[in-house]
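Within every chain, numbering begins at 1; the chains are lettered A, B, ... in the order of the sequence lines, protein sequences first and strands thereafter.
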Protein chains: 2
Amino acid sequence: MSINDTFKALADPTRRRILDLLKERDLTAGEIAEHFDITKPSISNHLNLLKQAQLVWDERKGQHIVYSLNTTVFQDVLKWMMELQQTQSKG
Amino acid sequence: MSINDTFKALADPTRRRILDLLKERDLTAGEIAEHFDITKPSISNHLNLLKQAQLVWDERKGQHIVYSLNTTVFQDVLKWMMELQQTQSKG
DNA sequence: TAAATATTTAGAAAATTATCTAATAGTTGA
DNA sequence: TCAACTATTAGATAATTTTCTAAATATTTA
């Protein structure tokens, strides 16, 4: 929920790749796991971190849990980066 | 030098605060360290990670080493985030 | 060149994060 | 209700990152 959670979530390449996959379309946990060489529990952990950071939503559909991308959180990251760029003046 | 280095560098709150400090003006390693409760070697390590990610430049001036902010690397991060937002369409 | 100051490097310990296996929980359909 | 399927949780281990102390390097000035 904090910007720290967002940055931490984005710091891992597996998690960024999950977001890249979800860019194309919503996917179940199993479909996501298929793309990686690590175990499902490990993917589940990554999904949980992304969820805590609100970078994804999850919704149960029958046996499956469908994950979808949420980029609204990027606003805070963008704001922070913009503010850093503002004041910059080199000597 | 990779986007992974950038995200990893930004994932730590101490390092983000260092960037915030450098937004105002260039600072020596010692001046930066004064703002934190951790030791100078630890700050030095953080500065090194920021340097590897090219988020800061360093320049020796006499006894001091002056650090300055470099936000050009943000372009890659922005691009990645923009691309994620593009294709998004909810059902 | 020696002392004082600023900073980094080296190496180890502590803390955090990622991953695994085994077990548990929810859903469907016979 | 039970078997099959999907996914998560629990708990342990492995890997990485952060932090520390002690030592080393670089610069300035006497």
- Answer yes if the side chains of N70(B) and T72(B) hold a donor-acceptor pair under 3.5 Å, and no otherwise. yes
- Message: For a quick test of reading the model, state the closest non-hydrogen atom pair linking L27(B) to L22(B) and the distance between them.
- Response: N-CD2, 3.7 Å
- Item | Qualifying ring-ring contact (aromatic ring centres under 6.0 Å, His included) pairs, either residue in residues 6-56 of chain B, two or more places apart |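 Matches after skipping sequence neighbours: F7(B)-W80(B).
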Whole-Å distance between [N] [atom2] and [X] [atom1]?
X      : N       : atom1 : atom2 : answer
L50(A) : dA18(C) : CG    : C1'   : 14 Å
Q52(A) : dT16(C) : CD    : P     : 15 Å
K51(B) : dT9(C)  : NZ    : C1'   : 12 Å

- Apply side chain to side chain contact (heavy atoms under 4.5 Å, CB included) to the pair F74(A) and L10(A), showing each step before the final yes or no. CA-CA 10 Å; F74(A) 284 173; L10(A) 294 175; 4.2 Å; yes
- Message: I'd like to compare against my own output: the B/S/- annotation of nucleotides 7-19 of chain D with a strict under-4.0 Å heavy-atom distance to protein.
- Response: SBB-------SSB
- Roughly how far, to the nearest 0.5 Å, is OG1 of T14(B) from CG of N45(B)?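 Answer rounded to 0.5 Å: 10.5 Å.
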